[in-house]
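First up is the structure itself, then whatever we jot down about it.
Naming: A, B, ... by sequence-line order, numbering from 1 per chain.
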Protein chains: 2
Amino acid sequence: MSNIREVADLAGVSVATVSRTLQQPELVSPKTRAKVTRAIEQLNYKPNLMAVKFRSGKTHNIVVLVPTVANVFFARVIRGMQEAAAAEGYSLLLVNTMGDNATEQNYARMIHTSQADGVVQLRAFNPFNDIDADEQGLLPMVNACEILDTPQCPTVSLDNRLAAAAMTEHLVELGHQHIAMIKGPASSPLTRERMLGFKDALQEAGLKYCEELMFDGDFTLQSGYDAADRILSQSHTVSAIFCENDEMALGAISRLKAAGLRIPQDISVSGFDNIAFAKFSDPPLTTIAQPAEEFGETAINLLIDVLKGKAKRAVKVILPYQLIIRNSTGPAPAQPVNLTR
Amino acid sequence: MSNIREVADLAGVSVATVSRTLQQPELVSPKTRAKVTRAIEQLNYKPNLMAVKFRSGKTHNIVVLVPTVANVFFARVIRGMQEAAAAEGYSLLLVNTMGDNATEQNYARMIHTSQADGVVQLRAFNPFNDIDADEQGLLPMVNACEILDTPQCPTVSLDNRLAAAAMTEHLVELGHQHIAMIKGPASSPLTRERMLGFKDALQEAGLKYCEELMFDGDFTLQSGYDAADRILSQSHTVSAIFCENDEMALGAISRLKAAGLRIPQDISVSGFDNIAFAKFSDPPLTTIAQPAEEFGETAINLLIDVLKGKAKRAVKVILPYQLIIRNSTGPAPAQPVNLTR
DNA sequence: ACAATAAATGTTATCGGTTACATTGTTATC
DNA sequence: GATAACAATGTAACCGATAACATTTATTGT
């Protein structure tokens, strides 16, 4: 591998001139520029960017802590990040953390070992919770999707509470009185927010909130299936199920159909996220659309602002949601349907 | 940010001793080791890994060219890579290339600018096709999933031809005589291989291969939906559709159901990949399971072998597939079903 | 033609580690 | 007690680029 000195020797100039030819060509006379360019081509010289990064102290790397890349929603967020990062000359170091705190702490430390300039956290866990930070001003971290309640961290989120209320309102308007909810893990703020929105709307409609109609899930298809199974064996009056994401909704539908129930005639099901599969399921899923790519794009841009010192204080961006009504939700049945078959 | 010199000063030793304390502690006396350790803690010293990488010439970064992270199958492959890489101290630089050749060439060049040690390519395109290579021996690149026909590149793949033949055989055994196929993009070798396997099995069964029963798709849900639409309007004798991936199969099922067809009573549909959704679709999808995580893991391990100089020649690994029979395929209807409703 | 100024190019310290080699200190052997 | 052998530690070159500063060359004005 050739280096800048070999190029300088071959071109008969100094290393500074070679460097300038590449960085600020306007400072170099056309004649020498040509000589240098020719030498670069002749040697097939490529600058060692590791040396540049080391010297400049800027890596142009961003660590992204992804709970699981296997999630379709995150895949879209990643795409948005990728594009925004590439546009600004940054590379992403994607880490599939499986929601493990220790793993996230380890990888977040890459900004301390000069392997990355900043961190994007997609989960509501502060990987820097064990250290100082406060007096240091803004840490180079932004938080997207799940809201982390650290005031000094820029955040991109959805008003999950409002969105969940909108969905609940939709179900209430269809006449549903006994609505079950399949929740995400209790540790997730998303779950809390969406549950609060659910409660808000029930109260608004004068309906009673029942703890027994809340079922646990973990955002996977299988957990939706399992939760629906429990609903069938426990709650015989339910006419609608509000799932906190589309995967669980599709899993639940699978179980309900296996029990011979018709959707939405016998029971309505709604999701959250509007993943690609939602439109093609049977029936197509009523859900909340989130601007996933925009989440990623905004997160990266906020981070770059922080890195450039542009961000004076933590910005909190809230992106719009959209209620997408398809055919998995319909009017509540006139007569209670027997769920145990 | 403190550096090794400050640590050395505080501990009252030389920088070499500090370096040794971290790299080969057995060479340092317990007494000095303690002094150094204390100084490191006191200053909260973290070695600048960018400097280490620069000095050593090894980045421990691997560029992964992913056609699209939004694909559920690739998400699993990525997870496998992530784990294998972490175990060996490597980080992944994931790039969502959208199948763009120029983008892939650009990012693959990171190994020439010392930003990465090697490349994993998940698509059948050689990003180094424009340069020398041959005489250089093994380039630090491995190819997974889609087979790239460069003999000097280690590869992990499935015997797609055999797997497609197995699926076709399954359909033939159920009595299907007119089988349509929804293909991937013609540019993809996967498509060619699976088509050849399809032909093989038809020939084996003494059935005729019909060009008119081949329909184009691009591995997305929507393209499966659209292809099914064309099948309905053009081919009235088809009793089974073999889709080259699960997404297209699910898209096709959506369209067929919209036409009032029952699956598999009226028409059978099969997929390829066994993504998580396949099990929960209605009906559950008959498909080919691929060991996606193992693809990723094997790819990374092969690459690390190449990087360590262990690999003398290009290894070609072929992983096993599994035919998963669910309920989207069934006996061919006794009477031809009218597809145009 | 000559000083003053601007443009082009050169010299070299520097970033933060690693490591070959040099030096000093310690223990073992006869 | 002298010397060899080894352990512990120190010194300084080095990786490849950048950029502050120094120096040379070209241009301008009078």
Side-chain angles (χ1 to χ4, degrees), chain A residues 1-40 42-61 89 109-117, chain B residues 1-40 42-61 89 109-117:
Chain A
M1 209 65 133
S2 54
N3 62 25
I4 200 170
R5 251 160 283 265
E6 293 175 36
V7 174
D9 290 349
L10 181 61
V13 299
S14 70
V15 291
T17 301
V18 177
S19 179
R20 275 188 290 254
T21 304
L22 293 169
Q23 307 302 325
Q24 303 138 296
E26 69 279 6
L27 296 182
V28 181
S29 77
K31 224 173 76 187
T32 18
R33 217 187 297 166
K35 275 194 299 185
V36 172
T37 309
R38 204 151 48 82
I40 287 176
Q42 227 166 311
L43 292 171
N44 189 27
Y45 164 72
K46 309 277 179 216
N48 181 329
L49 292 186
M50 223 55 183
V52 175
K53 290 174 174 193
F54 161 53
R55 178 70 224 269
S56 68
K58 302 274 167 237
T59 65
H60 283 90
N61 288 158
R109 291 296 176 285
M110 290 176 88
I111 66 170
H112 293 136
T113 53
S114 306
Q115 294 185 86
D117 298 341
Chain B
M1 208 67 134
S2 55
N3 61 27
I4 199 170
R5 252 159 279 264
E6 293 175 36
V7 174
D9 289 350
L10 181 62
V13 299
S14 72
V15 292
T17 301
V18 177
S19 178
R20 276 188 291 255
T21 304
L22 293 168
Q23 307 302 324
Q24 303 138 297
E26 70 278 6
L27 295 182
V28 181
S29 77
K31 224 173 73 185
T32 17
R33 217 187 296 167
K35 276 195 299 184
V36 172
T37 309
R38 205 152 45 82
I40 286 176
Q42 228 166 312
L43 292 172
N44 187 29
Y45 165 70
K46 309 278 177 214
N48 179 329
L49 294 185
M50 222 56 184
V52 175
K53 290 174 173 194
F54 160 53
R55 180 65 224 263
S56 69
K58 303 277 168 233
T59 65
H60 283 90
N61 289 157
R109 290 298 176 285
M110 289 175 89
I111 66 172
H112 292 135
T113 53
S114 305
Q115 295 186 86
D117 298 341

Q: To the nearest 0.5 Å, tell me how far B/D117 CG sits from B/N61 CG.
A: 7.0 Å

**Q.** Considering all heavy atoms, the nearest B/K53-A/M50 contact
**A.** CD-CE, 3.4 Å

Q. Between atom CD in B/Q24 and atom P in C/dT18, what is the gap in whole Å?
A. 9 Å

Q.
With a 3.5 Å distance limit and no angle check, can you tell me whether B/R33 reaches the backbone of B/V28 through a side-chain donor-acceptor pair?
A. yes

Q: Search all heavy atoms of B/I4 against all heavy atoms of B/S19 and return the closest pair with its distance.
A: CD1-N, 3.8 Å

Q: Could you tell me from which nucleotide to which nucleotide of DNA chain D, 5' to 3', there is an atom under 4.0 Å from chain B heavy atoms?
A: D/dA8 to D/dG16

**Q.** Rounded distance [0.5 Å steps], OG1 in B/T37 versus CG in B/L22
**A.** 8.0 Å

(Q) Looking at every non-hydrogen atom in both residues, tell me the closest pair between A/T21 and A/T17 and how far apart they are. (A) OG1-O, 2.6 Å

Q. Considering Watson-Crick and G-U wobble pairs with both distances under 3.5 Å, what does C/dC30 pair with?
A. D/dG1

**Q.** Annotated protein contacts, base or backbone, on nucleotides 6-16 of chain C with a non-hydrogen cut-off under 4.0 Å, one of B, S, - each
**A.** --SBBBB-BBB

Q. What heavy-atom pair brings A/L43 and A/L10 nearest, and what distance separates the two atoms?
A. CG-CD2, 3.9 Å

Q: Locate the shortest heavy-atom distance separating A/F54 from B/N48; write the atom from each residue and the value.
A: CD1-ND2, 4.5 Å

